[in-house]
Amino acid sequence: MIHHAGKAAGAAALCAALTVLLAATAQASAADQIAVGVGCTTGSSLRLRAEASTDSAIVTQLDKSVAVAILGKQDGWYYVSYDGNNGYLSADYVIEDQDGVFTADGRVNGDGVNVRAEASADAESLATVNTGSAVTVNGFADGWYAVTCQYGTIGYIRSDFVDLTSASAASSTSGVVSIAKQYLGTRYSYGGASPSGFDCSGFTMYCFQQMGVSLPHSATSQWQSGAGQKITSTSGLQSGDLVFFCDPSRSKGKACSHAGIYIGGGQFIHSSSSKSGGVIISDLTSGYYNTYFVGGMRI
């Protein structure tokens with residue numbers, strides 16, 4: 001009995017240690033996304049690199065005079081975040097803000113995010129905002145952005161919950177997700193492309209049509225339309241991106257058999273023909289849709 005008790009105690013201690021380690025790792029990961037400063041790019045077509053090297057893969061390109069969140073510094077490089085993409089920019093092409101007062105466009109990247117009265121997690125919550133909400137960033141201090149929200153609320157949001165971006169990107173992604181969510185519960189209708197009933201591509205076509213974007217009425221045609229930048233992995237998706245899937249049993253040889261709109265947080269909204277179908281929100285990070293994910297498209 002003593003022998004077995006000793007083993008149990010050892011196992012319990014190991015589990016406790018692992019729990020502490022995992023919690024510390026999660027906290028460190030979250031802390032890595034909190035900005036330590038804000039900078040402005042000074043060159044055009046700047047290459048955001050996956051690593052601090054000119055030989056590293058290119059994540060995306062940035063224009064001149066855009067605000068980027070500075071997450072760290074390394075050997076003549078800034079580790080930055082812009083429009084949901086993280087990577088490295090040469091310090092030669094970034095001017096770091098010194099007084100914490102500037103104006104930039106931003107987009108919220110999580111649901112139920114608190115807008116605080118002060119730059120503190122203990123401060124009063126003035127409002128909550130969700131994924132895709134556009135905000136104007138008015139300044140930065142101690143890991144928090146001073147923001148003005150779409151409907152006039154002025155307060156502070158912790159920097160890891162806001163992606164600095166361009167005005168057009170902030171408004172378009174916020175707009176299409178907001179439009180899509182208005183039709184939650186709308187019935188599935190094969191060939192449908194109106195609020196009286198949608199099929200999958202009819203739903204995405206209709207939502208983007210409200211934003212002035214014309215898309216064809218089929219998942220494969222939308223994927224092959226060249227209407228935007230293709231995204232190859234779920235980790236690269238941003239709120240407002242189109243997402244496409246191909247189930248070989250349903251594709252009849254076509255490139256895609258289903259389409260939807262990514263809303264952030266590993267979820268997407270779509271019109272499903274399943275038993276619990278119609279316009280619903282589903283998980284993209286595991287199960288059926290993760291298995292059959294083809295790619296995304298950023299309009």
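Since this is a predicted model, take the numbers as computed values, not measurements.
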- Closest heavy-atom contact between Ile231 and Asp241? CG1-OD2, 4.1 Å
- Query: At their closest point, which heavy atom of Val162 faces which heavy atom of Asn109, and how far apart are they?
  - Reply: N-ND2, 3.8 Å
- Task: Indicate the atoms forming the closest heavy-atom contact of Gly236 with Arg298, along with that distance.
- Result: O-NH2, 2.9 Å
- Query: Within the side chain of Thr41, is there an N or O that forms a donor-acceptor pair under 3.5 Å with the backbone of Val66?
  - Reply: yes
- Output yes when a side-chain donor or acceptor of Asp199 lies under 3.5 Å from a complementary backbone atom of Gly191, and no otherwise. yes
- Task: State whether a side-chain donor-acceptor pair under 3.5 Å links Asn290 with Thr285.
- Result: no
- Pairwise distance CG(Asp99) to CZ(Phe140) - rounded to 0.5 angstrom: 12.5 Å
- OG of Ser159 to CD of Gln33, rounded to nearest 0.5 Å, is 9.5 Å
- Look at the aromatic rings of Tyr206 and Phe198 and report parallel, tilted or perpendicular, splitting at 30° and 60°. tilted
- Where is the tightest heavy-atom contact between Leu164 and Tyr82, given as atom of each residue plus distance? O-CD1, 3.4 Å
- Message: For Cys256, run the side-chain contact (heavy atoms from CB on, under 4.5 Å) check against Phe245, Phe244, Tyr292 and tell me which one passes.
- Response: Phe244
- Message: Tell me the closest heavy-atom pair linking Ile261 and Val176, and the distance in Å.
- Response: CD1-CG2, 4.2 Å
- Task: Compute the centroid of each ring, for Trp144 and then for Tyr156, and state whether the two points are separated by less than 6.0 Å.
- Result: no
- Okay, side chain of Lys230, backbone of Trp223: is any donor-acceptor separation there less than 3.5 Å? yes
- Item | Whether over 12 other heavy atoms sit under 6.0 Å from Asp247 CG | yes
- Query: Would the number of heavy atoms belonging to other residues, nucleotides or ligands and lying under 6.0 Å from CD of Gln210 be above 12?
  - Reply: yes
- Query: Which atoms form the tightest heavy-atom contact between Tyr289 and Ser272, and what is the distance?
  - Reply: OH-OG, 4.2 Å
- Dump the intermediate steps for side chain to side chain donor-acceptor pair (under 3.5 Å) on Thr148 and Asn138, then the final yes or no. CA-CA 7 Å; Thr148 301; Asn138 306 305; 2.9 Å; yes
- Task: Report the distance from atom NE2 of His258 to atom CZ of Phe293, rounding to the nearest 0.5 Å.
- Result: 12.5 Å
- Message: Measuring from atom SG of Cys40 to atom CG of Asp97, what distance do you get when rounded to the nearest 0.5 angstrom?
- Response: 9.5 Å
- Between Thr220 and Ser218, is any side-chain donor less than 3.5 angstrom from a side-chain acceptor? no
- Same hydrophobic cluster for Phe268 and Leu237, using side-chain heavy-atom links shorter than 4.5 Å among ILVMFWY? yes
- How long is the gap from CG on Asn130 to CG on Asp111, to the nearest 0.5 Å? 4.5 Å
- Query: Can you list every pair that meets side chain to side chain donor-acceptor pair (under 3.5 Å) and has a residue in residues 47-74, with sequence neighbours left out?
  - Reply: Lys73-Glu96
